[in-house]
Amino acid sequence: MSQIKNGDHSELKEIILDNEKLFIPFSTSHIGDIFSSFKETSTQREYIESDLNFISELTKNKCLMNTGKDVVLDFYPPQELFEQRIEEKDLFNDLSLDGLMNIFEQDDLTKSIGKSLINLLKSIPLEESLKQAFENQESAEQMDKMFPGLKENPTMEGFFKSFSQMNLNLNESDGYQELRKTVQGGMGINRDKIFDSKDPYKIIEDKYKKVRTSPNQFIDNTKNGPEWFNEITNEYLLLDIHGYQEDKVNIKKGRKETFKNTTEDAFHAAFASTCNFYIINDNKSYKKTKLIYEKLGINTIVFKPSEFVEYYQKYLDIKEVILNFRIPFEIIKTADFYEEVMETATLRTYYVPFFFFGFFNKIMVLIPNDDSKTLILLSQNGPSNHRVYSMEIQHLYKQLSEILGNDIENLGQIKDEEFKEEEWIGRKWQLDEITFRLTRPNGHFQLYFDQ
């Protein structure tokens, strides 16, 4: 987005700005990216305001956010989200028990509870295995790097203080670079060999097999977000920390690049799995995300800007609405299909790069075994973690009405509240001898052609 705003990717900019064919959200990670360069100067403020305004213009304030339980879409001005990030920026800088106590003390209702809780935590001893790790010659040096100061104060109080320092080292300093070296060195991974490997997962898995463990053994994907979101995020971090297309860590000049930036890139990959396309110009993130999607079976397509422009011009820019009907029939005549033979009929399925009426990318043809007529329908092969939003179906209705006219029952434009019903009433059109039915069986939107 920043590159487009600054004059690069002119063809892409022309395609995506004010294009009603495209549904473009931003995510809270875009706000995190901008916040990483935040400084309290008027010049920087103007630059950031310009970025936020561009996001707002491009996405019409459609925002994807992780609530901790689900990823939801809401209308939220990026300027408001950024101001919230500024207000919260110092809240969790100090994660020591004293720092947490300061948070409790901001509210009289939590002050006394917080004090009791903090005193209780201070009195809890650390697990013996953690203490032993500092005494073990092989692990002591690594433990000192990961948990600075904990060896001198092996208590829960010392752990929180050490954890707070580790958090600052990772996100504000170059601590992630040291942690990455520790992990790669400890597992015997050659960074130069894995960096551009065609199969980095095999290198990683082979190293962990030697010590009879797995890189995901201690990862819990069920907390602080949907499991699929955490799985993508952790796969991204796993590849980076072991050296595959690893990000730069740089705190000396310009925009600070730390673990926080890598985390936001991982979140971008997770948020993008709710969309049909993910367009990115960062080569390292591009390669990591494509590999993760392939491993996890995620069908979001990852594009460089020029790749998307070519794809859009070839498949998505259907200039005449009538072609949304003609092209499927041409595909049925000439394209390859998957065939399923059933007791009473044969089902042929065509997966296509087109998005008919800006929505359907799957054609299904049901051929009965008797003399009854063939049934054709358009369906959606949506992204793995996508949900259909009412505004998409409202746009679909508008597209269909342009060529088919008013629906038979004169129900008109689709209303948001219709989708709250268990069975959606749908819409029907009649054109000559063909009835078109827009329905939602089993939660999947489909357009039937009945002759």
Side-chain angles (χ1 to χ4, degrees), residues 29 133 136-147 166 169-171 173-223 225 227-250 257-273 278 280-304 307 384-385:
S29 285
N136 186 310
Q137 287 185 348
E138 294 181 3
S139 59
E141 185 178 352
Q142 294 179 11
M143 290 295 290
D144 263 333
K145 288 180 180 178
M146 289 181 66
F147 299 103
M166 180 182 70
N169 288 345
L170 288 173
N171 293 317
S173 185
D174 59 358
Y176 180 51
Q177 189 167 316
E178 288 301 317
L179 177 61
R180 198 159 51 191
K181 285 180 182 177
T182 299
V183 170
Q184 293 171 18
M187 295 308 303
I189 290 176
N190 184 323
R191 182 265 183 198
D192 293 332
K193 184 177 180 181
I194 196 174
F195 180 80
D196 209 19
S197 167
K198 291 182 178 179
D199 193 357
Y201 278 117
K202 186 176 187 308
I203 294 175
I204 295 168
E205 287 164 7
D206 286 349
K207 294 296 182 182
Y208 277 84
K209 279 180 183 177
K210 289 182 179 179
V211 293
R212 298 180 181 179
T213 187
S214 157
N216 290 318
Q217 183 176 347
F218 303 106
I219 293 175
D220 184 356
N221 285 323
T222 63
K223 297 178 179 178
E227 191 165 347
W228 60 263
F229 188 94
N230 293 335
E231 184 176 29
I232 295 169
T233 299
N234 287 321
E235 286 290 337
Y236 192 102
L237 296 176
L238 180 146
L239 287 174
D240 191 89
I241 202 169
H242 288 93
Y244 178 70
Q245 293 296 314
E246 64 180 32
D247 290 339
K248 286 183 179 178
V249 175
N250 178 27
E257 296 171 305
T258 67
F259 180 64
K260 190 185 295 182
N261 301 88
T262 303
T263 305
E264 294 292 5
D265 286 344
F267 291 160
H268 275 305
F271 280 122
S273 72
Y278 179 31
I280 184 169
N281 204 40
D282 181 297
N283 197 51
K284 294 175 181 178
S285 188
Y286 172 86
K287 288 185 176 182
K288 282 193 284 260
T289 304
K290 288 193 76 163
L291 194 66
I292 293 163
Y293 284 2
E294 182 182 342
K295 178 186 178 184
L296 300 180
I298 293 167
N299 58 1
T300 297
I301 305 174
V302 185
F303 278 138
K304 294 283 188 68
E307 293 172 336
S384 307
N385 300 311

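All values below come from the heavy atoms of this structure, side chains included, with hydrogens, waters and symmetry mates left out.
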Checklist line | Trace of the side-chain contact (heavy atoms from CB on, under 4.5 Å) decision for Ile301 with Tyr293 | finding: CA-CA 9 Å; Ile301 305 174; Tyr293 284 2; over 6 Å; no

Next item on the list: Just do the salt bridge (charged side-chain N to carboxylate O under 4.0 Å, His left out) check on Asp196 and Lys287 with the steps written out, would you?
Entry: CA-CA 9 Å; Asp196 209 19; Lys287 288 185 176 182; 3.1 Å; yes

Next item on the list: Show your working on side-chain contact (heavy atoms from CB on, under 4.5 Å) between Thr233 and Asn221 and close with a plain yes or no.
Entry: CA-CA 9 Å; Thr233 299; Asn221 285 323; over 6 Å; no

Next item on the list: For side-chain contact (heavy atoms from CB on, under 4.5 Å), just list the numbers for Tyr286 and Gln245, CA-CA rounded to whole Å, side-chain angles, deciding distance to a tenth of an Å, and then say yes or no.
Entry: CA-CA 9 Å; Tyr286 172 86; Gln245 293 296 314; over 6 Å; no

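The CG atom of Leu239 sits 5.5 Å away from atom CD1 of Ile204, with the distance rounded to the nearest 0.5 Å. The CG atom of Asn299 sits 13.0 Å away from atom CD of Glu294, with the distance rounded to the nearest 0.5 Å. For the atom pair NZ of Lys248 and CG of Asn261, the computed distance is 13.0 Å after rounding to the nearest 0.5 Å. Asn283 CG to Lys288 NZ: the interatomic distance, rounded to the nearest 0.5 Å, is 10.0 Å. Remark: Ile292 CD1 to Ile232 CD1 distance equals 8.0 Å, nearest 0.5 Å.
Residues Asp240 and Asp265 form no side-chain contact, since every pair of their non-hydrogen atoms from C-beta on lies 4.5 Å or further apart. The closest side-chain heavy-atom distance from Phe229 to Phe271 is below 4.5 Å. Side-chain contact between Glu235 and Leu291: absent, with no pair of heavy atoms (C-beta onward) separated by less than 4.5 Å. By the 4.5 Å heavy-atom criterion applied to side chains, Leu238 and Tyr244 are not counted as neighbours. With a 4.5 Å cut-off on side-chain heavy atoms, His242 and Ile203 do not count as touching. Between Ile194 and Asn190, every side-chain heavy-atom pair lies at or beyond the 4.5 Å cut-off. The closest side-chain heavy-atom distance from Tyr236 to Thr262 is below 4.5 Å. Counting heavy atoms from C-beta outward, Glu264 and Phe267 have side chains that approach closer than 4.5 Å.
The residues Arg180 and Asp247 are annotated as not salt-bridged, no charged nitrogen and carboxylate oxygen being separated by less than 4.0 angstrom. Ionic pairing of Asp206 and Lys202 is present here: one or more N-O contacts between side-chain nitrogen and carboxylate oxygen are shorter than 4.0 angstrom.
Other residues, nucleotides and ligands contribute at most 12 non-hydrogen atoms within 6.0 Å of the NZ atom of Lys193.
Across every non-hydrogen atom of Ser273 and Ala270, the tightest pair is OG-O, 2.7 Å. Counting all heavy atoms, side chain and backbone alike, Asp199 lies closest to Ser197 at N-OG, 3.0 Å. Residues Asn230 and Gly225 come closest through the heavy atom pair ND2-O, 3.3 Å. The two residues Ser384 and Gly297 come nearest to each other via the heavy atoms OG-O, 3.5 Å.
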